[in-house]
Amino acid sequence: MFGRRSQSDSTDSVQPDASAAGPGIAPAQAPKGRPTPSRKDAEAQRKQALKNPADPKAAKKAMKARQREERMDARAGLMSGDERYFPARDRGPAKAFTRDFIDGKRRLSEFFLFLAVGILLAGLVQSPEVKGVVSLLWFVIFGLVILDVTWALYSLNRQLKQKFPDKADRKGCTFYAAMRLMQIRRLRIPPPRVRPGGQPVQTRQK
């Protein structure tokens with residue numbers, strides 16, 4: 001009898017008293033029901049909280065900063081020739097072939113803007129003789145540009161049909177090439193990958 005009582009008292013003294021930890025405090029594993037997050041997970045949660053702050057003004061500011069950074073990354077990727085950042089109209093092997101075909105040769109059409117501005121300025125001269133020469137020069141240049149674009153598109157379509165027999169793969173390439181032909185070389189986007197003559201453009205190393 002005394003043995004049983006002493007054994008029961010000793011057992012009671014060993015068990016921790018839940019109330020001794022204070023009200024509202026439970027064992028470590030009870031409130032979570034899952035293991036403590038690792039340092040990596042905690043850092044990721046902290047960064048996510050910084051990206052999405054609770055304050056509406058701070059959240060809006062953070063969103064604008066993210067969008068600006070994304071635009072800068074997309075612009076840098078586009079200018080470096082990374083096709084992942086290309087718009088849909090510039091993607092695909094047929095469009096890449098079209099760009100290289102147009103960029104691989106100097107053409108009169110890419111200087112048309114400069115020529116047109118020069119002719120318009122010359123037309124401001126108040127002289128019947130000069131105006132007659134300017135009008136004639138305008139028609140000559142305009143006709144040469146049309147011939148240049150027509151020949152370039154004819155040659156391009158002939159090569160496209162050989163390289164891409166499926167008509168669906170060539171869809172939109174003719175209009176795409178015509179627009180690029182009329183652009184100044186330095187302003188073409190995506191930037192040319194080849195020089196006039198077909199040699200690849202050497203990228204500048206930082």
Side-chain angles (χ1 to χ4, degrees), residues 64 67-68 70-206:
K64 288 183 177 180
Q67 291 175 347
R68 183 170 59 252
E70 290 172 358
R71 287 194 299 267
M72 292 175 62
D73 291 341
R75 176 72 178 179
L78 177 62
M79 298 307 292
S80 66
D82 191 342
E83 194 168 347
R84 294 176 300 174
Y85 297 96
F86 284 8
R89 65 182 177 86
D90 296 313
R91 294 178 184 173
K95 297 294 180 62
F97 179 84
T98 299
R99 288 194 300 273
D100 292 344
F101 180 87
I102 300 301
D103 299 334
K105 186 178 180 181
R106 289 285 187 190
R107 303 180 188 276
L108 180 63
S109 54
E110 67 181 279
F111 303 104
F112 177 72
L113 183 60
F114 296 112
L115 295 173
V117 172
I119 291 173
L120 289 174
L121 292 176
L124 297 177
V125 178
Q126 300 298 323
S127 172
E129 293 80 6
V130 173
K131 286 188 176 182
V133 173
V134 168
S135 298
L136 179 61
L137 189 61
W138 170 256
F139 284 112
V140 170
I141 291 177
F142 190 71
L144 289 175
V145 168
I146 290 179
L147 289 175
D148 180 53
V149 172
T150 303
W151 176 251
L153 294 179
Y154 171 76
S155 302
L156 171 66
N157 286 325
R158 187 174 56 184
Q159 295 193 29
L160 280 173
K161 288 178 181 179
Q162 295 176 357
K163 193 170 182 64
F164 304 95
D166 191 352
K167 189 176 181 179
D169 295 336
R170 308 192 305 268
K171 185 177 180 181
C173 287
T174 301
F175 181 77
Y176 183 72
M179 293 296 100
R180 195 168 181 90
L181 278 166
M182 302 302 297
Q183 292 176 339
I184 301 170
R185 182 179 179 86
R186 288 182 177 272
L187 301 181
R188 291 174 181 174
I189 297 177
R193 300 189 303 180
V194 295
R195 298 176 180 177
Q199 295 296 325
V201 173
Q202 295 181 357
T203 56
R204 296 179 181 177
Q205 297 187 6
K206 298 179 181 180

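The figures here come from the full heavy-atom set of this structure, side chains too, leaving out hydrogens, waters and symmetry mates.
- The shortest distance between side-chain heavy atoms of Val149 and Arg107 does not fall below 4.5 Å.
- Put simply, the side chain of Glu110 reaches to within 4.5 Å of the side chain of Arg188, judged on heavy atoms.
- We find that Arg180 and Asp103 are joined by a salt bridge, their nearest charged nitrogen and carboxylate oxygen being less than 4.0 Å apart.
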Sequence neighbours excluded and cut-off under 3.5 Å, please list the side-chain donor-acceptor pairs for residues 117-136, or say none.
from: Gln126; atom 1: NE2; to: Leu124; atom 2: O; distance (Å): 3.4
from: Ser127; atom 1: OG; to: Glu129; atom 2: OE1; distance (Å): 3.0
from: Ser135; atom 1: OG; to: Lys131; atom 2: O; distance (Å): 2.9

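- Residues Thr98 and Leu156 meet the side-chain proximity criterion, which asks for heavy atoms closer than 4.5 Å.
- Note: Leu108 CG to Leu115 CG = 6.0 Å, rounded to the nearest 0.5 Å.
- In this structure, Gln159 and Phe97 approach most closely via the heavy-atom pair OE1-CZ, 3.5 Å.
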>> Using side chain to side chain contact (heavy atoms under 4.5 Å, CB included), reason through Asp100 and Arg193 one step at a time and then give a plain yes or no.
In response: CA-CA 7 Å; Asp100 292 344; Arg193 300 189 303 180; 2.5 Å; yes
>> Go through it in stages, so that I can follow the logic: the residues are Arg99 and Asp90, the test is side chain to side chain contact (heavy atoms under 4.5 Å, CB included), and I'd like the CA-CA distance, side-chain angles, deciding distance and then a yes or no.
In response: CA-CA 9 Å; Arg99 288 194 300 273; Asp90 296 313; 3.9 Å; yes
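- Within the structure, ring pair (Phe, Tyr, Trp, His ring centres under 6.0 Å) pairs that include any residue of residues 163-196 do not occur (at least two apart or interchain).
- Not a single donor-acceptor pair under 3.5 Å links the side chain of Lys105 to the backbone N or O of Gly197.
- A distance of 11.5 Å separates CG in Asp169 from NZ in Lys163, rounded to the nearest 0.5 Å.
- Side-chain contact between Val145 and Met182 is present, with at least one heavy-atom pair separated by less than 4.5 Å.
- Arg170 contributes a side-chain N or O that, together with a main-chain N or O of Pro165, makes up a donor-acceptor pair within less than 3.5 Å.
- Remark: Ser109 OG to Ile141 CD1 distance equals 13.0 Å, nearest 0.5 Å.
- Two residues are said to be in side-chain contact when any heavy atoms from C-beta on lie closer than 4.5 Å; Pro192 and Arg185 meet this criterion.
- The side-chain heavy atoms of Pro200 and Arg195, taken from C-beta on, include no pair separated by under 4.5 Å.
- A donor-acceptor pair is defined here as one N or O able to donate and one able to accept, closer than 3.5 Å; no such pair exists between the side chain of Asp148 and the backbone of Leu144.
- What you find for Leu153 and Ala178 is that their closest heavy atoms are CD2-N, 3.9 Å.
- Nearest heavy-atom pair across Arg89 and Lys95 is O-NZ, 2.8 Å.
- Residues forming a ring-ring contact (aromatic ring centres under 6.0 Å, His included) with Tyr154 (at least two apart in sequence, or on another chain): Trp151.
- Closest non-hydrogen pair, Ala152 versus Phe101, comes out as O-CE2, 3.5 Å.
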